[in-house]
Amino acid sequence: MPDEEIAEVVHRVHAAGSRLAVHANGDLAISKVLDAMEAAVAAAPPRPGQTHRIEHCSVVDPGLVERIRALGVIPVPFGAFISYHGRNLVGHYGRERAARISPHRTFRDAGITVAGSSDYPCGPLEPLYALQSLTTRRAQDGTVLGEDERLTPYEALEVYTAGSAAASGEQHDKGRVAIGRLADFTVLGADPLRADPEELAEIPVLSTWVGGRQVWHAG
């Protein structure tokens, strides 16, 4: 999309009170999206709860991180990208740049809410595989990319629960197990907060529940 079209669409959606979800990979694309969002917000202050998001938001620098934080935008990077695609990233981007892709730790340390995404079918759907990627940053060939961007198991779980609920505007109903919220949860065969991060993807799923009702079980 030309810059003028991006600006027009972003302004129109923002002014209508809707939530923007714009795909942007790479620092230049992310900068262009932020240019449009900043202009839209300057022209019409956000309505209560109107939080925008950038899908993927894969490569950023400190200046972009600060702009994301100041706007209250929620980045939604690939959860399993490093683990699933990491073996190809070094050849495409070089080790230093590849290590900065999907910077979950950088976002969290800046006080930015960050959400989880599989980008299926471009990556694996399984969230436990994504948790393993977020906590180890280990590619399938064993290469660790961006060790400083690793999350703790608790932080990784929060990305896929509270973070994703905030990204969809459902943080008051979903994302945490608490009184007054929807009882959507999964029963696992091991505690992901105590398991070896290298084995998170192997934890069996015993059952899933939606609204307090069991909708699937492992037989």
Side-chain angles (χ1 to χ4, degrees), residues 13-14 16-23 46-57 68 72-84 102 104-105 107-137 150-219:
V13 174
H14 171 78
S18 297
R19 299 163 63 88
L20 285 153
V22 186
H23 290 234
R47 302 183 188 185
Q50 188 185 13
T51 303
H52 302 311
R53 50 194 276 178
I54 298 178
E55 310 304 305
H56 313 321
C57 207
I68 291 168
V73 169
I74 298 178
V76 190
F78 309 98
F81 194 61
I82 295 298
S83 180
Y84 191 70
S102 298
H104 290 81
R105 166 61 60 198
F107 287 137
R108 284 187 59 95
D109 286 354
I112 296 169
T113 297
V114 57
S117 165
S118 68
D119 199 42
Y120 183 81
C122 298
L125 183 63
E126 295 81 4
L128 288 170
Y129 184 88
L131 297 188
Q132 181 170 312
S133 182
L134 294 179
T135 55
T136 66
R137 300 276 299 191
R150 286 172 169 170
L151 299 182
T152 67
Y154 182 88
E155 290 168 335
L157 190 62
E158 193 170 48
V159 164
Y160 267 80
T161 53
S164 291
S168 61
E170 299 174 291
Q171 63 270 29
H172 301 299
D173 300 312
K174 299 179 180 181
R176 299 185 187 278
V177 178
I179 294 174
R181 299 192 180 210
L182 298 176
D184 298 351
F185 60 91
T186 301
V187 179
L188 303 176
D191 184 349
L193 304 184
R194 297 184 179 182
D196 182 347
E198 301 281 359
E199 298 177 358
L200 284 171
E202 305 306 317
I203 294 178
V205 177
L206 303 183
S207 62
T208 55
W209 299 66
V210 177
R213 183 174 65 88
Q214 182 175 279
V215 296
W216 182 88
H217 64 90

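Remember, predicted model here, so these are calculated numbers, not experimental data.
Evaluation of the salt bridge (Lys or Arg N to Asp or Glu O under 4.0 Å) rule for R47 yields no partner, not counting sequence neighbours. When the side-chain contact (heavy atoms from CB on, under 4.5 Å) test is applied to D109, the partners found at least two apart in sequence or on another chain are R105. By the side-chain contact (heavy atoms from CB on, under 4.5 Å) test, Q171 pairs with A166, sequence neighbours left out. Legend: residues meeting side-chain contact (heavy atoms from CB on, under 4.5 Å) with T136, ordered by chain and number and at least two apart, are Q132, R138, P197, E198.
The line from NE2 of H14 to NE2 of H52 is 5.0 Å long, rounded to the nearest 0.5 Å. Note that NE2 of H104 is 4.5 Å distant from CG of L134, once rounded to the nearest 0.5 Å. Atom OG1 of T135 and atom CZ of R150 lie 8.0 Å apart (nearest 0.5 Å).
Among all heavy-atom pairs drawn from V13 and Q50, the shortest one is O-NE2, 4.3 Å. The heavy-atom pair separating T113 from G163 by the smallest distance is CG2-CA, 4.2 Å. Between R176 and E158, the shortest heavy-atom distance links the atoms NH2-OE2, 2.9 Å.
In this structure, S164 contributes its side chain and T161 its backbone to no donor-acceptor pair below 3.5 Å. Panel note: side chain E55, backbone P77; no donor-acceptor pair is recorded below 3.5 Å.
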### Test log, rule side-chain contact (heavy atoms from CB on, under 4.5 Å), inputs R19 and T51
CA-CA 6 Å; R19 299 163 63 88; T51 303; 3.8 Å; yes

### Task
With side-chain contact (heavy atoms from CB on, under 4.5 Å) as the test, would you mind laying out the steps for V114 and C57 before giving the verdict?
CA-CA 10 Å; V114 57; C57 207; over 6 Å; no

Determine all donor-acceptor pairs shorter than 3.5 Å in which one atom belongs to a side chain in residues 115-131; sequence neighbours excluded.
| unit_1 | atom_1 | unit_2 | atom_2 | d |
| --- | --- | --- | --- | --- |
| S117 | OG | D119 | N | 3.3 |
| S118 | OG | Y120 | N | 3.1 |
| Y129 | OH | S83 | OG | 3.0 |
| Y129 | OH | Q140 | NE2 | 3.3 |

Can you give the donor-acceptor pairs under 3.5 Å from side chains of residues 200-219 to other protein atoms, not counting sequence neighbours?
| unit_1 | atom_1 | unit_2 | atom_2 | d |
| --- | --- | --- | --- | --- |
| S207 | OG | W209 | NE1 | 2.9 |
| H217 | ND1 | G219 | N | 3.0 |

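For the pair S102/R137, a side-chain contact is recorded, criterion being any heavy-atom separation below 4.5 Å from C-beta on.
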